[in-house]
Novice: 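A single structure is presented below for examination.
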2 protein chains.
Amino acid sequence: MTDSSVDDVEALVRDEPAGSKMELRLWLRLLSCSNLISAEIRRRLRVDFDVTLPRFDVMAQLHREPDGLRLGDLSRRMMVTNGNITGLIDRLAEEGLVVREADPDDRRAITVRLTRAGSKMFRMMAAAHETWIHEMFGRLTPKTLDRLLDDLQALKVSAAGGLRGADPE
Amino acid sequence: MTDSSVDDVEALVRDEPAGSKMELRLWLRLLSCSNLISAEIRRRLRVDFDVTLPRFDVMAQLHREPDGLRLGDLSRRMMVTNGNITGLIDRLAEEGLVVREADPDDRRAITVRLTRAGSKMFRMMAAAHETWIHEMFGRLTPKTLDRLLDDLQALKVSAAGGLRGADPE
DNA sequence: GATTTTTCCTTCAAGCATAAAATTTCTGCA
DNA sequence: TGCAGAAATTTTATGCTTGAAGGAAAAATC
């Protein structure tokens, strides 16, 4: 048993309604930013390229690995479940954008990579995507941008430390 | 025609790979924060209360309106489509947490409100939710918290201005 | 070498979310 | 009055996502 149990008790005893409300507001604001932007990106991917965001994300990962990725690696990188990846790759393969390849050394494993068509398609989408991001983020000053990058990193660390079952070390 | 068209041209002509990369990094970081936190909240809602986040969100809206809300208002507040709300309310009604009520003045409209059981359930979940948020956001200093609140507001404004079809005024 | 455990992937059932089309009801207007 | 159009909701088809269960292959253990 470590000091963490003491911290827990203190956290339960301490009541700070003001601080809690601020934290809640921040969470809601973060969520609305994220949703606003991702909804717009989804919309543009659909209208301009007839592609969904998850498909785009898969292709982005594969584009960085010309030799392909195992399905398990893909699901870990995208932080989604295995079953999800199976379906996404099914659909992308139907469209001829990716191919599944058996691993000669491990018959359980399957490697996926972009086809030539998939790679070409991704490069077009990535260029558009970058300009979209600039349209939406471009009104931030470089200073604000830097600050957000830092502060969100701090938030990420804070949140990761608050995960249930997180190791307090 | 305003000065904004001039800005647009300049934005197109200007090429700033460094700035664009920073913007992309910021977007990915924002997304990973948002996903990390919302995944944890979803997990805890499921484990502790056997409830999904969308259901929790609906109940949160209804809890603020004891007289109930029309389905259309609900879908606008939650920024989701009408069809989505129909299904969510179906399921919540099956569980006895909300009730649909016909509007006597407008036979097209339907008002939804929390039942007593739904209200009780929501109050329990909301209390837990607040402590979860504190566990994840509590390591941020008040200064960082304020700064994030401001900077995310600026991002929201920037992004809203970059929506396709957005009025440049 | 045989048995257990782990890893990798797929399948399944349920729920969430969207866009587009359909239904019912109301409103405005000629 | 009659009727065109708008508004509120539902339906439909499709796709994403999850958690849990299952099967096949590899690795670890005895």
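Below, chain A is the first sequence line, B the second, and so on; all start at residue 1.
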Novice: If I take atom CZ in residue A/R43 and atom P in nucleotide D/dG15, what distance separates them, rounded to the nearest angstrom?
Specialist: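 Rounded to whole Å, this separation is 20 Å.
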Novice: Nearest to the side chain of A/T52 - D/dC16, C/dC9, D/dT9?
Specialist: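 The closest nucleotide is D/dC16.
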Novice: When all nucleic acid strands are considered with a 4.0 Å heavy-atom cut-off, which category describes B/T86: base, sugar-phosphate, or nothing?
Specialist: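 Answer is base: heavy atoms of B/T86 come under 4.0 Å of a base.
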Novice: Using a 6.0 Å cut-off, check whether atom CZ of A/R25 has over 12 heavy atoms from anything other than its own residue.
Specialist: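 It does not: A/R25 CZ has 12 such atoms or fewer within range.
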Novice: Scan B/L88 against the nucleic acid and name what it touches under 4.0 Å (heavy atoms): base, sugar-phosphate only, or nothing.
Specialist: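 Counting heavy atoms under 4.0 Å across all strands, the contact made by B/L88 is with sugar-phosphate only.
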Novice: At 4.0 Å (heavy atoms only), tell me whether B/R76 reaches a base, stays on the sugar-phosphate, or touches nothing.
Specialist: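 The answer is nothing, as B/R76 stays clear of every strand by at least 4.0 Å.
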Novice: Among C/dT25, D/dT10, C/dT10, which nucleotide has an atom closest to any side-chain atom of B/R107?
Specialist: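 Output: C/dT25.
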Novice: What is the separation between atom CD1 on B/I89 and atom P on D/dA8, rounded to the nearest whole Å?
Specialist: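 That distance rounds to 17 Å.
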Novice: Rounding to an integer number of Å, can you tell me how far B/R91 CZ sits from C/dA13 P?
Specialist: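 For the pair B/R91 CZ and C/dA13 P, the rounded distance is 17 Å.
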Novice: Give the rounded distance in Å between these two atoms: CD of B/E94 and P of C/dG15.
Specialist: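 It works out to 8 Å between those atoms.
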Novice: Will you find, in the side chains of B/D103 and B/T111, an N or O donor that is under 3.5 Å from an N or O acceptor?
Specialist: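 Distance-only check fails for B/D103 and B/T111.
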Novice: Do we see a donor-acceptor contact under 3.5 Å between the side chains of A/T144 and B/D151?
Specialist: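 Side-chain D/A pair, A/T144 to B/D151: absent.
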Novice: Let me know, please, whether B/G87 or A/P104 comes out on the 5' side of the other along DNA chain D by nearest nucleotide.
Specialist: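 Looking at DNA chain D, the more 5' nearest nucleotide goes with B/G87.
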Novice: Counting any heavy atom closer than 4.0 Å, what does B/R42 reach on the DNA or RNA strands: base, sugar-phosphate only, or nothing?
Specialist: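 Nothing: the residue B/R42, judged by heavy atoms under 4.0 Å, touches no strand.
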Novice: Pick the closest DNA chain D nucleotide for A/D106 and for A/G83 by heavy atoms, then say which residue is nearer the 5' end.
Specialist: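 Counting from the 5' end, the first nearest nucleotide belongs to A/G83.
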Novice: Is there side-chain contact between A/I37 and B/L155, with heavy atoms separated by less than 4.5 Å?
Specialist: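 Heavy-atom side-chain distance check passes, below 4.5 Å.
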Novice: Before accepting this row, confirm whether a basic side-chain N of the pair A/R113/A/D67 lies closer than 4.0 Å to the acidic partner's carboxylate O.
Specialist: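 Salt bridge between A/R113 and A/D67, a charged N being under 4.0 Å from a carboxylate O: no.
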Novice: Closest to the B/T81 side chain: D/dT17, C/dA19, D/dT9?
Specialist: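 So the nucleotide nearest the side chain must be C/dA19.
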Novice: Taking the side chain of B/N84 as its heavy atoms from C-beta onward, which of D/dA8, C/dC9, C/dT18 lies nearest to it?
Specialist: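 It is C/dT18.
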Novice: On DNA chain C, check which nucleotide each of A/I110 and A/R46 is closest to and give me the residue with the more 5' one.
Specialist: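 Its nearest nucleotide lies further toward 5', so the answer is A/I110.
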Novice: Separation of A/D90 atom CG from D/dC16 atom C1', in whole Å?
Specialist: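 Going from CG in A/D90 over to C1' in D/dC16 covers 13 Å.
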Novice: Under the 3.5 Å rule, do the base of D/dA26 and the side chain of A/R108 count as making a donor-acceptor pair?
Specialist: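 No pair found.
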Novice: Rounded to whole Å, how long is the line connecting atom CG of B/L53 with atom P of D/dT18?
Specialist: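 Going from B/L53 (CG) to D/dT18 (P), I get 13 Å.
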Novice: Nearest whole angstrom, please: distance from the C1' of C/dC16 to the CZ of B/R55.
Specialist: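 In whole Å, C/dC16 C1' lies 10 Å from B/R55 CZ.
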Novice: Taking the six-membered ring for Trp, are A/F56 and A/F49 ring centroids under 6.0 Å apart?
Specialist: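 No, too far apart.
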Novice: Just to confirm, is there a sub-4.0 Å distance from OP1 or OP2 of D/dA8 to any side-chain nitrogen or oxygen of B/R100?
Specialist: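 Checking B/R100 against D/dA8: no side-chain N or O falls below 4.0 Å of OP1 or OP2.
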Novice: Rounded to the nearest Å, what distance is computed from the CD1 atom of residue A/I85 to the C1' atom of nucleotide D/dT18?
Specialist: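 The answer, rounded to whole Å, is 13 Å.
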